[in-house]
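This report refers to the structure that appears directly beneath it.
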Amino acid sequence: MNTELIVASLSGVVALVSVVYSSQANRKNSLLRDDLERQATERHRMLERQDAMSRYRDPLLWAAFDFQSRLYNIAGQGFLRVHFVQPRDQLYATRSTLHVLAEYLGWVEILRRRIYFLDLGNQDANRHIVTLLARIGTILNDDAYPDRDFQLFRSDQRAIGELVIKEGEGDDGCIGYAEFCARLESEPGFAAWFTRLSDSVTELASREGRNPRLVDLQAALMDLIDFLDPEQERFPQKRRLRLKRP
């Protein structure tokens with residue numbers, strides 16, 4: 001075999017090896033690039049999920065806590081009887097009680113519209129929060145309790161939730177206490193939705209003992225709080241007192 005043929009053969013082998021190596025390197029680079037892009041996408045989705053959880057879960061958590069706290073004070077601490085002694089205190093007790101209920105329903109309505117944002121990591125968790133919210137709604141709606149105090153039908157629950165969502169804010173919040181009180185005074189149509197609840201507050205103020213619906217509501221709200229704040233980062237155990245059934 002002459003020298004030229006040997007050189008040509010070696011050159012062919014080198015070229016072939018170079019092509020194979022280059023192809024493998026390109027494939028590895030492509031796989032690495034795809035893996036990095038996938039990781040970046042997953043990190044971005046995780047950050048979006050965390051932001052959404054903070055954006056929607058935390059306000060719902062605080063609204064649920066404020067609502068259960070008022071129920072605990074009414075049913076366990078005689079809040080209404082104490083505050084119904086003076087007319088000014090009576091007005092505050094009634095309006096603030098209506099507001100914590102309305103704010104909770106407002107955030108539930110916001111969540112209903114944006115439920116896909118509250119991605120808690122798996123379908124079981126998402127189903128569980130829907131179950132907890134449905135349980136609270138059922139207690140409010142239920143006509144099997146011995147009285148109708150604090151009974152609120154499902155459609156009325158949604159209507160009140162809709163009424164207290166801030167207009168033009170992209171369903172991102174509920175009106176504050178000051179605006180709530182102002183609308184009660186200036187908008188008869190708005191106030192009419194709360195007439196029955198206001199009457200319930202007055203009735204409860206004159207009654208001794210614990211109302212079963214309020215006790216069950218407070219317990220169901222505490223279940224929701226336990227689920228939304230399992231590590232007790234927002235509310236420690238000492239603030240998670242539960243009413244006992246009469």
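Numbering of residues begins at 1 and proceeds along the displayed sequence. Just so we're clear, the structure is a prediction, and the values are computed from it rather than from any experiment.
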For the atom pair CG (Leu228) and CG (Asp226), what is the distance rounded to the nearest 0.5 Å?
-> 9.5 Å
For Glu162 and Arg113, run side-chain contact (heavy atoms from CB on, under 4.5 Å): C-alpha distance rounded to whole Å, both residues' side-chain angles, the deciding distance at 0.1 Å, then the answer.
-> CA-CA 11 Å; Glu162 293 168 359; Arg113 299 176 182 182; 3.5 Å; yes
Quick one: list whatever passes side chain to side chain contact (heavy atoms under 4.5 Å, CB included) with Gln77, sequence neighbours left out.
-> Tyr72, Asn73
Determine the minimum heavy-atom distance between Leu243 and Leu214, stating which atoms define it.
-> CD1-O, 4.4 Å
Can any side-chain N or O of Gln157 pair as donor or acceptor with the backbone N or O of Gly137 at less than 3.5 Å?
-> yes
Has the side chain of Arg213 got a donor or acceptor atom that lies under 3.5 Å from a matching backbone atom of Asp142?
-> yes
Is a side-chain N or O of Gln232 found less than 3.5 angstrom from the main chain of Gln237, in a donor-acceptor match?
-> yes
Side-chain (Gln218) to main-chain (Leu241) donor-acceptor, under 3.5 angstrom | yes
Can you list the steps and then say if Leu140 with Arg154 is a side-chain contact (heavy atoms from CB on, under 4.5 Å)?
-> CA-CA 8 Å; Leu140 282 169; Arg154 294 188 188 277; over 6 Å; no
Within a strict 4.5 Å, meaning less than it, do heavy atoms of the Glu179 and Lys166 side chains meet?
-> no
Salt-bridge present (Arg196, Asp156; N to O < 4.0 Å) | no
Keeping the roles fixed (side chain from Gln68, backbone from Phe65), state whether a donor-acceptor pair exists under 3.5 Å.
-> yes
Which one of Tyr104, Trp107, Phe67, Phe235 satisfies the ring-ring contact (aromatic ring centres under 6.0 Å, His included) criterion with Trp62?
-> Phe235
Side-chain donor or acceptor of Ser198 paired with backbone N/O of Phe194 under 3.5 Å | no
Closest non-hydrogen contact found for Val201 with Leu80 is O-CD1, 3.5 Å
Do you know which two heavy atoms are closest between Phe84 and Ala93, and how far apart they sit?
-> CE1-CB, 4.1 Å
How about Ile129 and Leu224: do any of their side-chain heavy atoms sit closer than 4.5 Å?
-> yes
Taking NZ, NE, NH1 and NH2 as the nitrogens, is one of them in Asp229 or Arg239 under 4.0 Å from a carboxylate oxygen of the other?
-> no
Between Arg95 and Glu185, is the closest basic N to carboxylate O distance under 4.0 Å?
-> yes
Over all atoms of both residues, closest heavy-atom pair of Asp147 and Arg207 = OD2-NH1, 3.1 Å
Is the shortest heavy-atom distance from the side chain of Ile110 to the side chain of Cys174 under 4.5 Å?
-> yes
Do any N or O atoms from the side chain of Arg112 and from the backbone of Arg158 form a donor-acceptor pair under 3.5 angstrom?
-> no
About how many Å separate OG of Ser155 and CD1 of Ile160, when rounded to the nearest 0.5 Å?
-> 11.5 Å
So do the side chains of Val215 and Arg242 get within less than 4.5 Å of each other, counting heavy atoms only?
-> no
For the student: nearest non-hydrogen atoms of His99 and Ile175, plus distance = NE2-O, 3.4 Å
For the residue pair Leu217 and Phe150, what are the closest heavy atoms and their distance?
-> CD1-CD2, 4.5 Å
Within 45° cone of Phe79 ring axis and under 6.0 Å: Arg70 NZ or CZ | yes
Sole residue of Ile136, Leu152, Ile165 in side chain to side chain contact (heavy atoms under 4.5 Å, CB included) with Leu105 = Leu152
